[in-house]
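Throughout, residue positions are numbered sequentially from 1 according to the sequence presented.
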Amino acid sequence: MKKKIKNFLKKLIIIFKINILIFASYTSSVNAAVPVFVDTFDISDETTTPGQLVFNNDGTKMFLTGYNDKKVFEYALSTAYDVSTASITANYSVSAKETALNAVAFNPDGTKMFITGSASDKIHQYSLSTGFDLTSTVTFVKSSASITSQEGNPEVILFNDDGTKIYITGRVSDAVHEYNLGSAYDVGSLTLVTSFSMSSETDITEGMSFNDDGTKLFMNDLQFDKVFQYSLSTAYSVATASLEGSFSIAAQESHSQYVAFNNDGTKMYIVGNNGDDITEYSLSCAFHILTTACSSSSSSSSSSSTSDPTSDSNVVGTIKTSAKLSKNVITHSINSISNRLNFIKNNRSNKNLSNQNINLDFGNPIFTSMYNASSISKKLNQSPLKNKLPEGWSMWNEGTISLSKILDDSTKKDILSNNLTIGFDKKINENEIKGFAFQVGYSDIEVGKSGTGSDSLNYNFSIYRTRPLENNNYIESLFGIGLIKNDLTRVDGSNVLSGNRNDKQLFGSFNLNKPIKKNKFTITPSAKIDFGYTFLESFTEQGTDALKYSSQEIETGIASLGLKFDGLTNFNNSKIKPFGSLAYGYDFTDISSARLSYINDTGTTYSYNQNDNKNHVLTSKLGFDFTFKDNLNIFSNYNRTQRSSSNHTDSIDLSLNFKSKRETEYAMSLGGSEDLSAGFNLVKNLYGFDLKFDVNRSFQDTSDKNAHVSLSTKF
């Protein structure tokens, strides 16, 4: 009775979601194969830590593992493959061999049983005197060699159709490991064939199943609450797997453990740890869970004119990173000017507010070479430039390296950005400043691990001003325009497509501040609004089954409340100014639908609505500015933007500058991404001649060592 009541309440809770799914199934294409929720079966009386689910040959029995229970549970089904008719009939403890049980499998006649778990990291083989009957005599036979070198937390055991191959997957490696067996359904000898990584789709791999002929593979994960469908060009060869798409099960289960199918692929089952239940779905298209038509289910993952491109994770990932990049560029432009205004406020007493001599490694060899070879780089490291600025004007620059990691859907996205900002400003009075800035940046975007991504260059120009208000309040404002040039690449199986796209931007910011001085520290509450508009031009890919993307608009905006602090501590010959900030923001970004079509079928338009529900944003900054005798300056700050537990951006700014009394300037730099490098720069004026010495060293490439000496003068 308790189990029936619990099932009834759970059905009431999800009734509205069920209606929505059923309605969607009727309004979609007649051949659509989206799974439709049918029922759930409560297993909490047997276990609250369920694992792998398997059926016998005719679906009249099912078997389930219990992680903490260290048991395999046997159920009888009065109606084949209908889990709502299941009743517990037996259980068998495997605690003598495995104390953290995850997986179970049988040979075709059920006279052999195999189990594994995260305690032993081995596959254990048992014999059953009566097939698929745990009440008969069950005898331990043998254990495999350790599989720890491939997987430290095995979650699944699968066999191919003739039992000569066994497959293991788990959370540690996020990969499927394929082994050859010396004899069919005998784990005495394991030989690793290959390991197929699923880390592009998930960080927490749980369950896995094959279709009836081994040409499809299904994987469910814990992180995104989705089932992923792969196509195998060679049956049961995971090395040939390619992702076709995914189906969300979040409406029914937020902690899925395993995915299984009935014998003909018209039913799918999800084992859930949060609900302690088995959820059953019906499929109108056998072993096909995507929104694409059934006719595409037997094809490979390569796009065709009959498939919906918005079910391709690479296409969706490209659309999403375009929006993310446009927001990142605007955010960095606003933040760099905000950093400059904070620097001025922290150095009010200085007559010269030029902030230069910052040497940076941008993490990109082409960009770094262009910067080092440019006249800008040379002039920034020469003090005579200060004397050439108009009276009252100061020059500053800022370089930033940042990495954004996004895990908000089925595909990981990494955005590495390198940016340089050069600005000029003038103090009109103690509290009023006006200026302008130029920014150039480079971004390298990776969507998953297949090679899909883009290389982008962005340029923009901004003007800014600080105005005092009444009651010690003041307002900071800025306006800017920009351009982003994208070189896009999309990899679809063996098909590589490319295209170019330009994005035009307008952006601005208003920031109201009220400084409150407390002893040596200043606390500044603030209210801020940042806004931007990006117009993405239409573009067409080049390649087989190429797509044409229509123009798109992105309106970005965030309103925030924050608290800043800074202070000043003077010593005999030096001073240090710690600073930091914490702000909460509400993101009201509005992204229009992305519309696309195949160039060989322009009559059919597909749409993708990007729903970014990460409205709440928490940003923090912590750093210091240290000066010794006006000769040595060390400036550093760490910034973090957190939108969710799986979506954040970290960036670090660092500079060290030294000028001796003999008109010799020194600068050191440390930077980069995967290729970390360091540099040392020296400039000395000798009787009107500039002697310059540079040394650069890459830590990753030991052959990359450069030293340059030059002597020059100006006439």
Asks: Examine Phe436 together with Phe424 and report whether their ring centres are nearer than 6.0 Å.
Replies: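 Ring centres of Phe424 and Phe436 closer than 6.0 Å.
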
Asks: Any pair with a residue in residues 498-508 that passes salt bridge (Lys or Arg N to Asp or Glu O under 4.0 Å), sequence neighbours left out, goes on the list, sorted by first then second residue, please.
Replies: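 Listed by first then second residue: Lys504-Glu537.
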
Asks: Test of understanding: with side-chain contact (heavy atoms from CB on, under 4.5 Å), list the residues that count as partners of Asp455, not counting sequence neighbours.
Replies: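 Listed in chain order: Tyr442, Asp444.
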
Asks: Return the CD1 to OH distance between Ile558 and Tyr586, rounded to the nearest 0.5 Å.
Replies: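 Between Ile558 CD1 and Tyr586 OH, I get 11.0 Å after rounding to 0.5 Å.
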
Asks: Indicate yes or no: at least one non-hydrogen side-chain atom of Lys621 is less than 4.5 angstrom from one of Lys564.
Replies: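 A side-chain contact under 4.5 Å is absent here.
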
Asks: Could you measure the distance from the OG atom of Ser592 to the CG atom of Asn609? Nearest 0.5 Å is fine.
Replies: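 Going from OG on Ser592 over to CG on Asn609, the span is 9.0 Å.
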
Asks: Under the side-chain contact (heavy atoms from CB on, under 4.5 Å) rule, what do Tyr638 and Arg640 come out as? Steps first, then yes or no, please.
Replies: CA-CA 7 Å; Tyr638 166 75; Arg640 184 179 182 91; 3.7 Å; yes

Asks: Distance alone, cut at 3.5 Å: any donor-acceptor contact between the side chains of Ser456 and Asn486?
Replies: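 Yes - a donor-acceptor pair under 3.5 Å links their side chains.
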
Asks: Specify the closest pair of heavy atoms between Asn511 and Ser526, including all atoms of both residues, with the distance to one decimal.
Replies: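 Looking at all heavy atoms of both residues, the closest pair is OD1-CB, 3.7 Å.
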
Asks: Taking Lys327 as the fixed residue, which of Asp530, Asp587, Thr534 is the one that meets the side-chain hydrogen bond (donor to acceptor under 3.5 Å, both in side chains) rule?
Replies: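 Filter result, single survivor: Asp587.
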
Asks: To check you understand the geometry: which heavy-atom pair defines the closest contact between Ser581 and Phe565, and what is its length?
Replies: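 That closest heavy-atom pairing would be N-CE2, 4.4 Å.
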
Asks: I'd like to know whether Val329 forms a side-chain contact (heavy atoms from CB on, under 4.5 Å) with Asn460, so could you lay out the CA-CA distance, the side-chain angles of the two residues, the decisive distance to 0.1 Å, and finally the verdict.
Replies: CA-CA 9 Å; Val329 170; Asn460 61 52; 4.0 Å; yes

Asks: Starting at OG1 of Thr331, measure out to NZ of Lys324 and round the result to the nearest 0.5 Å.
Replies: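 If I round to the nearest 0.5 Å, the distance is 7.5 Å.
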
Asks: Are side-chain heavy atoms of Asn419 and Ser336 found at a separation under 4.5 Å?
Replies: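 Not touching, per the 4.5 Å side-chain cut-off.
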
Asks: If the threshold is 4.0 Å, N to carboxylate O, is there a salt bridge linking Glu476 and Arg467?
Replies: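 No salt bridge links Glu476 with Arg467.
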
Asks: Which atom pair, heavy atoms only, marks the closest approach of Phe628 to Ser574?
Replies: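 Heavy-atom minimum between the residues: CD1-CB, 3.6 Å.
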
Asks: What closest approach, in Å, do Asn314 and Val491 show between heavy atoms, and which atom pair accounts for it?
Replies: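 The answer is ND2-O, 3.0 Å.
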
Asks: Can you find a heavy atom in the side chain of Tyr459 that is under 4.5 Å from one in the side chain of Ile484?
Replies: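 When only atoms from C-beta onward are counted, Ile484 and Tyr459 do not touch, as no gap falls below 4.5 Å.
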
Asks: Decide salt bridge (Lys or Arg N to Asp or Glu O under 4.0 Å) for Arg490 and Glu541; before the verdict, give the C-alpha distance in whole Å, the side-chain angles of both, and the deciding distance to 0.1 Å.
Replies: CA-CA 9 Å; Arg490 179 167 65 91; Glu541 294 176 330; 2.8 Å; yes

Asks: Could you grab the distance from atom CG of Asn418 to atom OG of Ser443, nearest 0.5 Å is fine?
Replies: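 Taking CG in Asn418 and OG in Ser443, the distance rounds to 7.5 Å.
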
Asks: So, Phe510 versus Phe479, ring centres under 6.0 angstrom or not?
Replies: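 When the ring centroids of Phe510 and Phe479 are compared, they turn out to be within the sub-6.0 Å range.
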
Asks: Using side-chain heavy atoms (C-beta onward) and a distance below 4.5 Å, is Ile319 in contact with Tyr549?
Replies: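 Ile319 vs Tyr549: side chains touch.
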
Asks: Ignoring hydrogens, what is the shortest heavy-atom contact between Tyr606 and Ser597? Give both atom names and the distance.
Replies: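 Taking every non-hydrogen atom into account, CD1-CA, 4.4 Å.
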
Asks: I would like to know whether Ile330 and Asn328 meet side-chain contact (heavy atoms from CB on, under 4.5 Å); could you show each step before the answer?
Replies: CA-CA 6 Å; Ile330 290 175; Asn328 278 3; over 6 Å; no

Asks: Can a side-chain donor-acceptor contact be found between Gln439 and Asn458 if the only test is distance below 3.5 angstrom?
Replies: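 Asn458 vs Gln439: donor-acceptor pair found between side chains.
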
Asks: Got Tyr464 and Ser509 here, is their nearest side-chain heavy-atom distance under 4.5 Å?
Replies: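 Side chain of Tyr464 against side chain of Ser509, heavy atoms only: no contact under 4.5 Å found.
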
Asks: Looking at side-chain heavy atoms only, is the closest gap between Thr318 and Val316 below 4.5 Å?
Replies: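 Counting from C-beta outward, Thr318 and Val316 never come under 4.5 Å.
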
Asks: Are any of the side-chain heavy atoms of Ile516 and Pro525 separated by less than 4.5 Å?
Replies: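 Yes, side chains in contact.
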
Asks: Roughly how far, to the nearest 0.5 Å, is CZ of Phe626 from CD1 of Ile576?
Replies: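 Here the interatomic distance stands at 6.5 Å.
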
Asks: Return the minimal non-hydrogen interatomic distance between Ser551 and Phe535, and the atom names on each side.
Replies: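 In terms of heavy atoms, the two residues are closest at CB-CZ, 3.7 Å.
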
Asks: Could you walk me through whether Asn397 and Thr421 pass the side-chain contact (heavy atoms from CB on, under 4.5 Å) check?
Replies: CA-CA 5 Å; Asn397 62 48; Thr421 305; over 6 Å; no

Asks: Quiz question: by atom type and distance under 3.5 Å, do the side chains of Asn513 and Thr524 form a donor-acceptor pair?
Replies: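 Note: Asn513 and Thr524 side chains miss the donor-acceptor criterion.
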
Asks: Does the side chain of Tyr584 pick up a donor-acceptor pair with the side chain of His616 at under 3.5 Å?
Replies: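 Yes, a side-chain donor-acceptor pair sits under 3.5 Å.
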
Asks: Given side chains that start at C-beta, do those of Phe539 and Lys548 come closer than 4.5 Å, heavy atoms only?
Replies: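 A side-chain contact under 4.5 Å is absent here.
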
Asks: Are Lys434 and Asp425 within salt-bridge range, i.e. N to O under 4.0 Å?
Replies: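 Looking at Asp425 together with Lys434, the answer is no, because their closest N to O distance does not fall below 4.0 Å.
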
Asks: Kindly compute the distance separating OG1 (Thr627) from NZ (Lys575), expressed to the nearest 0.5 Å.
Replies: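 Rounded to the nearest 0.5 Å, the OG1-NZ separation comes out at 5.5 Å.
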
